[in-house]
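Have a look at the structure below, then the notes.
This is a predicted model, so every value here is computed, not measured. Heavy atoms only: backbone and side chains are in, while hydrogens, waters and symmetry mates are out.
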There are 2 protein chains.
Amino acid sequence: MAERKRQLVSNELTEAALQLLASKGFDAVTIDEIATAAGVSKRTFFRYFASKEDVVVQFLAGMGADMRTELAARSPQERPSAALRHTVGVPIATCADHSDRALRVVRLILRTPALHARFLERQAQWRDDLAAELAHRLGLDPGTDLYPRLAAGMALTAFDAVLHRWSGSDGAEDPDELIDRAFAVIAPALDAV
Amino acid sequence: MAERKRQLVSNELTEAALQLLASKGFDAVTIDEIATAAGVSKRTFFRYFASKEDVVVQFLAGMGADMRTELAARSPQERPSAALRHTVGVPIATCADHSDRALRVVRLILRTPALHARFLERQAQWRDDLAAELAHRLGLDPGTDLYPRLAAGMALTAFDAVLHRWSGSDGAEDPDELIDRAFAVIAPALDAV
DNA sequence: CCTCTCGTGTCACTCGGTGTCAAGGCGCGT
DNA sequence: ACGCGCCTTGACACCGAGTGACACGAGAGG
């Protein structure tokens, strides 16, 4: 029940932050404003989030783990392109599910340099995780073989391109079809003998 | 001659910064320290560099333009994989030329989250530039075709993988050979009919 | 009823980054 | 040589992000 209250405060904070940041711009909003809007003190804000960027980007944390478990769960017989396509499909599906909210967040991230940088940092971490999982899956040594890192990077490049197009079209284009088109391009490299 | 003095102060600052940051770590060094070590005031530091990260990352600014002009200069008959391989070769060659200094800087960037984030931001900008140039080169509409962005992203993924391996091996491995191996992997996607 | 714990608010502080202004070097025309 | 702008710099004040220390109050358990 203490856990419930914690979740409640956290939601209150993210809600207030998203509303303020989207309307006034990232730099024009102080943490004091966000905290006050959520009914807590600035100090408490930092007990929930490590930084101003974190309140927007935090939800990405789980996605890395989700992707890795998805990749680990897929059949080893599956070709890399197919396995990675479904891996990347996980966060995209999450976006598509809450398209209204996700669209606002994605646009805010892409338009704000500080947030974009954090986002890219996350992606780099995802790439490391995926590369490790791929190396394990294929029995390759990540220290000598370039393939795992390259394959993970290509998959996330596809993810990024799809995200850009999706947010650029205001969610009009179908994310799933966009991933398919992107993976049609990169698959020859992923599945090369 | 005013220009010369400006360059001199700038060098003094970067030199002091690199030395301090590498030895004490990014967060443990204040801008006051760097400025004092270079014999100027904190305020003057910010007249030369926009942020603490900028001192380290600034030299990347020119590389984006260099790559784009290299790509623009290459023959249109050349296949995308070959053109992009040489494009990515430009910054890598710059690294290899000043390998001692470059190695220290790269390691510092990769080990410091704040610097890494800035680095990734730069790379994202490079990708935009390269994608635009590729679209122009191939007569594609970057608004509808995913290829330019994907191809640029793949090339930079290769760049990144090479950089990691190079710095991880303390500069022992030959960067040019690493690029060749990386491009051997991604070329099938780059040159797909 | 006491007490121990945990979450929170308050305060003080450091540091990154910016605006403002006055002082000083330097070229330039007279 | 003198005075005139121009540009660079340093000094100072200021804001906001982020952290550490501490005191307070609520709730759980004896």
Side-chain angles (χ1 to χ4, degrees), chain A residues 1-58 61 108-109 112-119 121, chain B residues 1-58 61 108-109 112-119 121:
Chain A
M1 45 201 72
E3 206 50 45
R4 292 206 182 279
K5 188 182 177 186
R6 213 185 143 67
Q7 197 59 41
L8 200 113
V9 175
S10 174
N11 288 346
E12 205 73 31
L13 243 8
T14 45
E15 211 54 45
L18 253 41
Q19 200 268 319
L20 284 171
L21 294 178
S23 68
K24 297 179 57 177
F26 187 79
D27 296 319
V29 179
T30 71
I31 293 193
D32 261 316
E33 283 184 80
I34 299 173
T36 307
V40 297
S41 74
K42 169 188 157 191
R43 195 65 185 83
T44 294
F45 175 94
F46 283 108
R47 284 194 250 261
Y48 284 81
F49 302 98
S51 71
K52 196 174 166 186
E53 291 93 356
D54 234 43
V55 81
V56 182
V57 168
Q58 193 208 32
L108 180 62
I109 291 175
T112 308
L115 291 173
H116 193 215
R118 296 293 183 126
F119 176 56
E121 229 180 330
Chain B
M1 44 202 73
E3 206 50 45
R4 292 206 181 279
K5 187 181 178 188
R6 214 184 143 69
Q7 196 60 39
L8 199 112
V9 175
S10 174
N11 288 346
E12 205 73 30
L13 243 7
T14 46
E15 212 52 46
L18 252 41
Q19 200 269 318
L20 285 171
L21 294 179
S23 68
K24 299 179 54 177
F26 188 79
D27 296 318
V29 179
T30 71
I31 293 193
D32 261 315
E33 283 183 82
I34 298 173
T36 306
V40 297
S41 73
K42 169 187 157 191
R43 194 65 184 85
T44 294
F45 175 94
F46 283 108
R47 283 194 254 261
Y48 283 80
F49 302 99
S51 71
K52 196 174 167 185
E53 291 93 357
D54 235 43
V55 189
V56 183
V57 168
Q58 192 208 35
L108 181 61
I109 290 176
T112 309
L115 292 173
H116 194 215
R118 295 293 183 126
F119 176 56
E121 229 180 330

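- Checked against ring pair (Phe, Tyr, Trp, His ring centres under 6.0 Å), B/Tyr48 has no partners two or more places apart in sequence or in another chain.
- For DNA chain D, none of the residues of residues 7-21 of chain B falls under the heavy-atom distance limit of 4.0 Å.
- For the salt bridge (charged side-chain N to carboxylate O under 4.0 Å, His left out) condition, no pair includes a residue of residues 37-52 of chain B, sequence neighbours left out.
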- Task: List the protein contact pattern of nucleotides 15-21 of chain D with one symbol per nucleotide (5' to 3'): B for base contact, S for sugar-phosphate-only contact, - for none; contact means a heavy-atom distance under 4.0 Å.
- Result: -SSBBBB
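- Across all their heavy atoms, B/Val56 and B/Leu115 have their closest contact at CB-CD2, 3.9 Å.
- Residues B/Phe45 and B/Ala35 come closest through the heavy atom pair CB-CB, 4.4 Å.
- Scanning for salt bridge (charged side-chain N to carboxylate O under 4.0 Å, His left out) contacts around A/Glu53 gives A/Arg118, with sequence neighbours left out.
- Distance alone, capped at 3.5 Å, places no donor-acceptor pair between the A/Thr112 side chain and the A/Ile109 backbone.
- Contacts of B/Thr44 classified as side chain to side chain donor-acceptor pair (under 3.5 Å), with partners at least two apart in sequence or in another chain: B/Ser41.
- Here the range on DNA chain C touched by chain A, meaning any atom under 4.0 Å from one of its heavy atoms, is C/dT8 to C/dT10.
- Remark: B/Thr36 pairs with no residue by the side chain to side chain donor-acceptor pair (under 3.5 Å) rule, at least two apart or across chains.
- Each salt bridge (charged side-chain N to carboxylate O under 4.0 Å, His left out) pair with one or both residues in residues 3-19 of chain A, not counting sequence neighbours, appears once here: A/Glu15-A/Arg101.
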Tabulate atom names and distances for all N/O pairs under 3.5 angstrom spanning the protein and nucleotides 27-29 of chain D.
none

Could you go through residues 19-31 of chain B and list every donor-acceptor pair under 3.5 Å that involves a side-chain atom there, pairing it with any protein atom two or more places apart or in another chain?
residue	atom	partner	partner atom	Å
B/Ser23	OG	B/Gln19	O	3.2
B/Ser23	OG	B/Leu20	O	3.1
B/Lys24	NZ	B/Glu33	OE1	2.9
B/Thr30	OG1	B/Glu33	N	3.2

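- Contacts of A/Phe119 classified as ring pair (Phe, Tyr, Trp, His ring centres under 6.0 Å), with partners at least two apart in sequence or in another chain: none.
- One finds the CG atom of A/Leu13 at 11.5 Å from the CG atom of A/Asp54 (value rounded to the nearest 0.5 Å).
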